[in-house]
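The next block holds one structure in the form of C-alpha cells; read it before the comments.
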Amino acid sequence: MGYRSLKKYLGETNLERKCRWLFGICLFGLIFFAFFLVDWIGEDLVKRNIHRNGREWVRDFLYDAHWEAWETDPTKKPVRATLSRLLLPQKFEARVIALDRSLVDAMNQEGLNFREGENQQPRQRLWAPDDPEEAKLLESLKSDFEKALAPKPALTSPSDAPLPPDDPLAETSGGFEVSDEDEPFKAHPDPESGRYYFYQPVSWQHNFCKSCHEGSYGKFAMSASESFAPQEADLPFLVVRVALPYSDARAAINWTRAVLLAVGILTVFMSMVALWMVVKYVVIKPLSHLRSVSEAVTRGDLQQRADIHTNDEFEDLAASFNKMLRHLTDAQSELKEANYDLDAKVDQLAQLNMRLHEMNRLKGEFLANMSHELRTPLNSIIGFSEVLAGIDSLTDKQKRYAQNIQKSGRSLLEMINDILDLAKLEAGKMDVRLSEFRIDSILSAHCDMVRSLTEDKNIDLVLDIENDLPALYQDQAKLQQILTNLLSNAIKFTPEGGRITVGAKGDSRGFIEMYVSDTGVGIADADKEIIFEKFRQGTAVLGRDNLTREYSGTGLGLSIVKELCKLLGGEVSVESELGRGSTFRVTIPWMRADQPQAAAKLQSRLDDLTKPRRLDFQRGDEPDTTSSSQPAAAGS
Ligand code: ADP
C-alpha cells in the first residue's frame, strides 16, 4: 500500500480506525526496531565472548604444548597429562596449522609427531588447512598479522608488570600476545559441526621463542627426542585453531530471539487493546454523544443539550456547544419576531402597492380622458385658425398670427396625442391589430413622406433594405408610429448637409431588424439610458443654449417607441457617439403570412402583452408608479 492509498484510506475511515492504524504502525516499527537492536547487541556480545574464549583457549593450548615439549621426565609426564585433562575444557580441540604444506609433510614424514607415552600413538603436531576455503582465510589472516606487526619492533607484554631480571622473557619485551585485543584473528561458525572455529597466529617475535625455534625445527625434534634438523632458517607462519562449542550459544540466541519476538507481539497486542479502549471511551464516546445532540438539533429539537462530564477538553467542548445552542435558540426566536414584523410590513407594502396601482390606473384614465377632452377643442382651434389664415382681407401680420396659432395648436395636439398614447400603453389599453404587409414599401413610403423635410435641411436620405424580405405579420400602424418617431428625431438632431440611412434586414432567429442611422449630434454615454424614460431628454445637447430651441421637444417620443416595441414583442437599442451620429435599432419578431400556426402563437403572445400587468406583491415589487403600470413586454 503506497503512501497515497494509505492517506486516502485513512482519510475515508473513522477516527477510531485512523488512531488504531497510525498508532499500530508506529508501535510495530518501534517494537521491531527494538527487537532487532537487542538481537544485534546480544549476538555481538555472544561473538565477543566466543572470541575472548578463543584467545584463552589458544593460550592454554600453547602453554600445554610447551609444557609437554619441555617435560622430558617420564615420571612427570602422566602428571602433566592429568592436569591438562582436568584444566582444559573437555571438548577442547586445538591444532597448529601451517600454510606451508611442505613443512607439514616434512614433519609428518620425519615422524616428529608427539607421543604422550611409549605405548600411545603419535599425535600429529602440524596440520595443513582442511580445505581451500580455510587456506584462503589463513592467507588473509597472515596478511593481517604482518600488517599488525609491521610498525611494532616487538609486541608488548600481556602484563604490564616488569619481569624479574632472571626471567628468560626479560631480555625481550615480547611474549605470547594472545590476550592483546589488537592481535589479529579470524573466527567463523560451522553450522554443520555446531562449532565455532577460532584462528590466531603464533607470535615468534621475542628472543626467548627464537632461542628454541629459530633456524631449525630441530627444537621440536629435541623436545620429541628425535633427531631432525631442517635446513630452513626462517620462522614459518603458524596458526593455532581452536574449535569452541557453539551449538549451545546458538540455541540460547534463538531462544532469546523467540522470547523477544513473543514479548514484542504481546506488547503490540496489549498496546492496541489499550489504545482501542482509550480511543473508544475517551474520544469516540463523547464525540458520538455530541453528534447525536447535533442531529437532534438539526431535526428541530432545540431543547437538546450535550451532557459530558469528563473534566477534560471534551467537557469544555460540550459547554461551548451548549452555549452555541442557546445562542441559536435566541437568534431563532429573534428571527421569528423579525419575520412577523417583516410579514406585517410586506402586507402594508402590498396594500400600498395596490393603492398605488389603483392611483396609477386612475391617473392613466384621467390622462386619457383629459387628452381626449383636450383634443376636441384643440381641433376646433386648429381648424378655425386654418380658416382664419385663409381669409384674404387679413393683413400679413394678422395672417402670421393665425399661422402661429395653427402651428402651436398642432404641436400641442401632437403632444396630447403622445400623452394619450403613452397613457394607453401604460394602462394596457393599446390594441394590437395584426395584418400582413411588406416592410420595404412601408419604409420607402415613410422616406418619401419626410423627404421634403430632409431636402429643406439638405440632408441625404438613404434607404438600405435587404432584398427579398418576406411579408411581415405585425401591427402596421404601431410600426409606422415607431418609424415616424425615430425618423423625426433623426431629422431634428442631424444638422444640414448630414445623412440619414433607413434600413431593414432579417435575422435567423425569426426577428426583423429596422434601423435609423444619422450623422447628427449624437448622444453622450450618460444619456443613453435616460432618453428612453418619459419626459427625459439628452442633457448634452440641451446644455448648449443656442441649440436648446432647435432641439426642443417633450421627451416622450423614445419612451413611446420603447413601449410600442415591447408591445410588439421586440426591443429598441441605441448606438451613438457624441458629435458623430446615432443609430437606433428596432428588433421585432416577424411572422410570415404562410405560417398560420406561428401567426396564431404571435397573436396569443401579443394578446398577453396587451393585458394589464398584474402586481405580484409576494415578489416585493417596488411601489414605483412608472414601472408598475408598464405593460409586460414579450421579452421581459
Ligand atoms: P424629444 O425628441 O421630444 O426630446 P424623444 O424621446 O424623442 O424626445 O428623445 C429624447 C432625447 O433623445 C432627445 O431629447 C435627444 O436628446 C435624444 N435623441 C433622440 N433621438 C436622437 C438622435 N437621432 N440624435 C441625437 N439625439 C437624439
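Note that the structure is a prediction, hence the values are computed from the model and not measured. Each ligand, and each atom within it, is numbered from 1 in the order the structure gives. The residues of the chain are indexed from 1 along the displayed sequence.
- Using a 4.0 Å cutoff on heavy atoms, G555 counts as a contact of ligand 1.
- Here the CD1-NZ distance, from I500 to K457, works out to 8.0 Å after rounding to the nearest 0.5 Å.
- Near L556, meaning under 4.0 Å from one of its heavy atoms, ligand 1 places the atoms 6 (O), 8 (O).
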_salt bridge (Lys or Arg N to Asp or Glu O under 4.0 Å) between D525 and K528, worked out_ = CA-CA 5 Å; D525 284 344; K528 282 179 185 165; 2.9 Å; yes
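- Every atom of ligand 1 is numbered from 1 in the order shown, and the set under 4.0 Å from a heavy atom of R536 is 10 (C).
- Heavy-atom proximity to S582, at under 4.0 Å, picks out these atoms of ligand 1: 24 (N), 25 (C).
- With I531, I491, I560 as candidates, the residue nearest to atom 11 (C) of ligand 1 on a non-hydrogen basis is I531.
- Using a 4.0 Å cut-off to heavy atoms of K492, the atoms of ligand 1 that qualify are 1 (P), 2 (O), 3 (O).
- With E414, K562, M415, Q537 as candidates, the residue nearest to atom 4 (O) of ligand 1 on a non-hydrogen basis is Q537.
- The ligand atoms of ligand 1 that sit less than 4.0 angstrom from a heavy atom of A490 are 23 (N).
- Every salt bridge (charged side-chain N to carboxylate O under 4.0 Å, His left out) that D448 has, sequence neighbours left out, goes to R451.
- Between N489 and ligand 1, at least one N/O pair is under 3.5 Å apart.
- Looking at ligand 1, you won't find any N or O of I523 less than 3.5 Å from one of its N or O atoms.
- Atom CD of E414 sits in a sparse spot, with 12 or fewer heavy atoms from other residues, nucleotides or ligands closer than 6.0 Å.
- Contact annotation: F584 has at least one heavy atom less than 4.0 Å from an atom of ligand 1.
- Here the shortest heavy-atom distance to atom 23 (N) of ligand 1, taken over D518, L486, I500, belongs to D518.
- Note on D431 versus R433: salt bridge recorded, some NZ/NE/NH1/NH2 to OD/OE distance being below 4.0 Å.
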